[in-house]
Trainee: 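Here you go, one structure.
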Amino acid sequence: MVGMVGGGQLARMTQETAVALGIQLRVLAEGPAVSAAQAVADAPVGDYKDPETVRRFAAECDVVTFDHEHVPTDLLHALEADGIAVRPGPDALVHAQDKAVMRARLDSFDAPSPAHQVVETPADVADFAKRVGGFPIILKTTRGGYDGKGVWFVDGPDDAAVATAFGSGVPILAEEKVDFVRELSAIVARSPHGQAVAYPIVESVQRDGICVEVTAPAPGLAPERAARAQQTALRIAGELGVVGILAVEMFEARDGRLLVNELAMRPHNTGHWSIDGAVTSQFENHLRAVLDLPLGSPAARAPYTVMVNVLGGDVEDMHRGLLHCLARDPELKVHFYGKSVKPGRKVGHVTAYGDDLDETRERARHAAAYLTGTIDE
């Protein structure tokens, strides 16, 4: 019995693998109709911040893992004290929960990162900017930010974003604004006994802080640079003691550096391509890892795989678009998350794979655009 805290689309997609492997998945859901609760038979509703709720849920599971990183660390330590296997454990997970803790730990073993500093006052912000060559810089909340939330681009010492950031009530991290060519993601899986595998490095495209498209492998990335990114992710997983999937989001800087931007210790949006495009999906390897089963091959099945997120727009009934999309492209894969449509909300994704990058991208982009009503032919 694997218990997953959180009932979002990651838990929903994990269920497909659990069924195939004969593993019972139990989900602690935020509500009775959330994404995973529609697909998992055993999905009690409860607050993941409430100690008794989480302990009662975990007591019936052989191992506990996560759909998100927001369960309080002290609660997870309490589960471990109860003898429950928590994977990834709280000592690893805190590095995905707190950006200041993450940066300090990465610095301890010289993982490549943007220049950074915890700032407490506007004067600290100005001093940091001077140290990194001037504005603009980035301010981030150390906890709680996601999909562009809790991140501010600051153009000068009097920028209103400085006051907004310090008004958030959360400690603030300042980082240099990296001049990057593109964003990359290195996904690895690691088991308790230390076996680890690395997926091909992918290129991700962000818009308004939301991942909109992923290409595997990252086009034009030199093999030695791809290997360096994989090695960085594997080293981070080992140093932090991660069990399960680790996603290391990186900047490919214009000056040639590969810099760690964010960490996620769970299946990740930039790994959704692997469901249809890899020998073993990130969801299967996450389950294999937390159960300490041998890990599966992360190799790609085709020269290129492109995943495009389907974001909510004006069309509420996206299933009407399936007739056109599936008839036009019989090899297309469509995944809906069982979510109501809201503007900008991730409600699904489409995946295309093939030998020609431009054609594969066009197929995936067309399908996502048609489903959202952006195009009608």
Side-chain angles (χ1 to χ4, degrees), residues 3-19 25-50 53 57 66-71 144-151 204-214 264 266-273 275-276 281-283 307-326 328-329 332-352 364-376:
M4 182 167 270
V5 179
Q9 63 260 29
L10 301 182
R12 180 188 180 101
M13 287 182 273
T14 302
Q15 170 69 339
E16 184 175 351
T17 283
V19 169
L25 183 69
R26 192 165 188 254
V27 169
L28 181 61
E30 296 83 355
V34 296
S35 185
Q38 301 169 33
V40 179
D42 194 356
V45 175
D47 182 359
Y48 63 82
K49 294 181 180 179
D50 178 65
T53 297
F57 170 79
F66 310 96
D67 169 273
H68 57 74
E69 292 106 343
H70 306 310
V71 182
Y146 68 96
D147 282 351
K149 298 176 177 65
V151 179
S204 67
V205 177
Q206 314 287 322
R207 188 176 303 133
D208 298 325
I210 299 174
C211 177
V212 295
E213 182 175 300
V214 171
R266 51 173 170 75
H268 192 258
N269 197 177
T270 58
H272 290 354
W273 70 274
I275 300 173
D276 304 300
S281 78
Q282 65 165 345
F283 297 96
M307 186 281 297
V308 178
N309 278 322
V310 177
L311 304 179
D314 296 330
V315 176
E316 291 190 10
D317 184 6
M318 292 188 180
H319 289 86
R320 289 180 176 271
L322 286 177
L323 178 64
H324 168 85
C325 291
L326 300 183
R328 181 180 189 268
D329 188 352
L332 182 76
K333 298 297 183 180
V334 180
H335 300 261
F336 283 123
Y337 303 154
K339 292 183 171 183
S340 59
V341 175
K342 296 180 181 178
R345 186 184 203 184
K346 295 174 187 173
V347 294
H349 72 265
V350 297
T351 306
R365 290 172 179 175
H366 177 278
Y370 192 92
L371 290 170
T372 57
T374 307
I375 59 175
D376 60 5

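Note that the numbering runs from 1 along the sequence shown for the chain.
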Trainee: Between His272 and Val214, is there a side-chain heavy-atom distance shorter than 4.5 Å?
Mentor: no
Trainee: Take Lys333 and Ile275 through the side-chain contact (heavy atoms from CB on, under 4.5 Å) test and state the conclusion after the steps.
Mentor: CA-CA 10 Å; Lys333 298 297 183 180; Ile275 300 173; over 6 Å; no
Trainee: Return the orientation label for the His349 and His335 ring planes: parallel under 30°, perpendicular over 60°, tilted otherwise.
Mentor: parallel
Trainee: With rounding to the nearest 0.5 angstrom, report the NE2 to OG distance, His268 to Ser204.
Mentor: 8.0 Å
Trainee: With rounding to the nearest 0.5 angstrom, report the CG to CD distance, Asn309 to Glu213.
Mentor: 9.5 Å
Trainee: Kindly compute the distance separating OG1 (Thr14) from CZ (Arg266), expressed to the nearest 0.5 Å.
Mentor: 11.0 Å
Trainee: Using 0.5 Å steps for rounding, measure from the CE atom of Met307 to the CG atom of Asn269.
Mentor: 4.5 Å
Trainee: Please check if the side chain of Asp47 supplies one atom and the backbone of Lys49 the other of a donor-acceptor pair under 3.5 Å.
Mentor: yes
Trainee: Could you check whether any side-chain N or O of Glu30 sits under 3.5 Å from a backbone N or O of Gly7, counting only pairs where one atom can act as donor and the other as acceptor?
Mentor: yes
Trainee: I need the Lys339 NZ to Arg12 CZ distance, nearest 0.5 Å.
Mentor: 10.0 Å
Trainee: Taking the side chain as C-beta and beyond, is there a heavy-atom pair between Met318 and Phe336 under 4.5 Å?
Mentor: yes
Trainee: Look at the side chain of Gln38 and the backbone N and O of Ala33, then say whether any donor-acceptor pair between them is shorter than 3.5 Å.
Mentor: yes
Trainee: Give the ring-plane orientation class for Tyr370 versus His324, where under 30° counts as parallel, over 60° as perpendicular and anything between as tilted.
Mentor: parallel
Trainee: Just checking Glu316: does its CD atom have more than 12 heavy atoms from other residues, nucleotides or ligands closer to it than 6.0 angstrom?
Mentor: no
Trainee: Roughly how far apart are His319 NE2 and Leu371 CG, rounded to 0.5 Å?
Mentor: 9.0 Å
Trainee: Using the side-chain contact (heavy atoms from CB on, under 4.5 Å) definition, which of the options Lys346, Arg207, Arg345 pairs with Leu311?
Mentor: Lys346
Trainee: Would a distance-only check, ignoring hydrogens and angles, find a side-chain to backbone donor-acceptor pair under 3.5 Å from Arg328 to Ala367?
Mentor: no
Trainee: Are Val310 and Thr372 packed together at the side-chain level, in the sense that at least one heavy-atom pair is separated by less than 4.5 angstrom?
Mentor: yes
